[in-house]
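Mind looking over this structure? Questions follow.
Atoms within each ligand, like the ligands themselves, are counted from 1 in listed order.
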Amino acid sequence: MIDNNDGLRDVTEVLDALPSYRHPLPGHDVLIEHLDTLVPRIRALAGMAPCLPLDSVVLLSPVANPGKLIGAPVNYQRHYEEVRANVALHHDNPIAVIERAGVFLKATSSLVGSGEGVRIRMPDRRTDHEVELALVIGRQASLVTRDRALDYVAGYCIGLDITIRGPEERSLRKSPDSYTVLGPWLVTADEIPDPGHLGLRLSVNGDVRQESSTADLILGVPELIEYASSFYTLFPGDVILTGTPAGVSPIQPGDTIAATIDKIGTMHVHVHAG
Ligand code: MN
């Protein structure tokens, strides 16, 4: 558990309260499934644990075992315009806003935490950053309407949807190992009652590249949950990356990405050679 964004408390002991399984294991994240009931215990343990400096640990993904990583393509109008205007971004793929394009899936094996960094898989191909608000589903959701959708959210993270540009399917170009970064931690939904007005920005080596607000999302958090859950059941730990604003640009080994979202914090992510 993170304490005031500058230290952390070791509450590992709380994992003892989770049920144990034998094969076949659940296809969703069991910690997120039980998070509601564990939070009081986490708070109690945190009060007794020493405060450790954040830089003494490597921050892994706040969700260890998501069943699905769902991406929202072209969900900000200005990003739609920048992609349509630049062949290096669209590669003659048909580009449509999200209401036409729908959502897509990324491989769960692409997931890392902010402390692990991104490894450039194909150095000869253009590889871009995309900063996105990421939401984590807290309970099973099927055919959920937008007015009830926020009841199904466990919390929020900063997401990076790292993308190789090119002609292939999105799910392939966005699924190499380490191309989904979630972090720096999970902020529980009670701390963000309105995810629709959060500033987000991303810089590379100190240069600001992306700056926007979730108020500019074409489909907001409730609408994305409604849309995704109309096609398939969402399970605890499933992640929805809500889409990136304008300003995508290439990254290379040696770069440091700083990504910030209001009410969540800032994560620093190093880019490494593959
Ligand atoms: Mn994206």
Side-chain angles (χ1 to χ4, degrees), residues 61 63 66 68-86 88-91 93-112 114 118 120-122 125-137 156-183 195 198-204 209-221 223-225 227-228 238-251 257 259-261 264 267 269 271:
S61 170
V63 185
K68 289 192 282 298
L69 300 175
I70 300 164
V74 199
N75 199 18
Y76 286 83
Q77 187 65 29
R78 282 190 52 227
H79 179 56
Y80 172 66
E81 289 158 11
E82 80 175 344
V83 173
R84 293 260 294 192
N86 187 348
L89 296 180
H90 64 65
H91 284 263
N93 285 330
I95 301 300
V97 291
I98 186 164
E99 294 100 323
R100 264 185 80 81
V103 296
F104 63 94
L105 293 172
K106 303 187 71 169
T108 54
S109 51
S110 69
L111 183 61
V112 294
S114 57
V118 171
I120 298 296
R121 182 81 173 201
M122 293 188 173
R125 301 277 300 266
R126 175 173 167 169
T127 302
D128 284 5
H129 56 77
E130 298 191 349
V131 63
E132 318 200 355
L133 174 68
L135 68 93
V136 178
I137 293 294
Y156 300 90
C157 309
I158 304 171
L160 296 182
D161 175 21
I162 304 295
T163 304
I164 297 172
R165 298 299 169 193
E168 302 91 344
E169 291 284 340
R170 273 193 185 91
S171 65
L172 179 68
R173 292 183 287 105
K174 292 168 173 278
S175 285
D177 301 352
S178 81
Y179 279 27
T180 304
V181 185
L182 265 196
L198 301 174
L200 69 167
R201 65 203 68 85
L202 177 144
S203 65
V204 179
R209 303 277 177 85
Q210 296 186 274
E211 189 155 29
S212 188
S213 165
T214 57
D216 293 330
L217 282 166
I218 296 171
L219 295 187
V221 168
E223 291 82 10
L224 284 168
I225 293 169
Y227 187 93
D238 281 2
V239 175
I240 301 181
L241 296 152
T242 58
T244 201
V248 298
S249 70
I251 51 172
I257 298 169
T260 299
I261 299 184
I264 299 176
M267 67 179 187
V269 178
V271 181

**OP:** Return the name of the atom in E132, of element N, O or S, nearest to the Mn ion (ligand 1).
**Re:** OE2
Subject >> Closest approach to the Mn ion (ligand 1) by E130, given as the N, O or S atom name >> reply: OE1
Original post:
What is the name of the N/O/S atom in D161 that sits closest to the Mn ion (ligand 1)?
Top reply: OD2
Original post:
Using 4.0 Å as the upper bound for N to carboxylate O, is an ion pair formed by R78 and D216?
Top reply: no
Original post:
If you look at every heavy atom in L200 and E132, which pair is closest and at what distance?
Top reply: CD1-CA, 4.2 Å
Original post:
Counting only heavy atoms not in R84, do more than 12 fall under 6.0 Å of its CZ?
Top reply: no
Original post:
Among V221, T214, V136, T242, whose side chain to side chain contact (heavy atoms under 4.5 Å, CB included) with Y156 holds?
Top reply: V221
